[in-house]
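All residue numbers refer to positions in the sequence shown, counting from 1. Remember, it's 1-based here, ligands and their atoms both numbered in the order they're listed.
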Amino acid sequence: MNLKSAYNLIIAEKKAREGIAEQKYRKALLTYPLLLSAEKKVREAILDGTEKDIALAEKNKREVIIALGLDEKEFTPLPVCEKCGDSGIFEGNYCECVKKRMAKESINSPIPPFTFEESDLSLFRKDKELAERAYETMRIFCAKFPHTKNVNLLFIGNAGTGKTFLASCVANELERQGRNVLFLSAFRFNDICLKYHTSFDNARTDGLNAVIDAELLVIDDLGTESILKNVTKEYLYTVISERMNAGRHTIITTNLNESMLEARYGERIVSRLFTTRACLTLALTGEDLRR
Ligand SMILES: [Zn+2]
């Protein structure tokens, strides 16, 4: 991928985010007559009011939004890149975010093509209710993203219980919303960390930075990678910690339960990353859907 294509991606994602926000606003206008009348007053003021009238009408609209318990950020999303406001251009050149995006695309794995719309929960014969709850929780998560209660999500279950399936639904939905999503197998993640750890190239930071910067990072099938000394545990901790500090979301899928995670990665990682209030654990049972 070159800079021009990375730039195009950033513009396309910006448009997608604006489209989603507009849809949400239209829906809110139809749902709340108070908001609709506040919006009409703003438009009237813009047509034939003074600047003061416009400011007043907008202030009133904001108050209505708050009084209704709605979130203004849903309707006018903040730019992902503060530097260029997601225009991709800063001081006449491609912005830093375009270069970062290019680095990300070079390590990104394709997201498995599962979506909420096409997910068939009747596959979960034994634990259909559990699956339905998990899917509902994650649908709400996507609708609220990035303003969610939990930043870390852990999907636990045996092989074939639909963890990767659910993580893919979330990743695809957020990508559709114009979010910067990175989907990596645990093996791939390990590989990126190893490259960073062992190379002295100036560009070595690009891959790891892309992992830290993505708005949603999925690490799929944690526990299937090999434990590399000074790399696997250390970088897992650092990457997720840094992402947590920046309020960025991470989904980890694994076959391991909490005590197995602790045995493999150590108490520090499990207590900091997976057992805090910032982490939501969804257990997806033991039945293998592929049988
Ligand atoms: Zn930028």
Which residues share a ring pair (Phe, Tyr, Trp, His ring centres under 6.0 Å) with [X], sequence neighbours left out:
X	result
Tyr7	Tyr94
Phe141	Phe145, His249
Tyr196	Tyr235

Ala214 and Leu182 have their tightest heavy-atom pair at CB-CB, 3.7 Å

Looking only at side chains, do Lys41 and Asn60 share a donor and an acceptor under 3.5 Å apart?
-> no

For the Zn ion (ligand 1), report each protein N, O or S atom nearer than 2.8 Å, sorted by chain and then by residue number.
->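 Sorted hits: Cys81 SG, Cys84 SG, Cys95 SG, Cys97 SG.
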
Tell me whether Leu216 is reachable from Val80 by hopping between hydrophobic residues (I, L, V, M, F, W, Y) whose side-chain heavy atoms are closer than 4.5 Å.
->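 Unlinked, Val80 and Leu216 end up in two clusters.
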
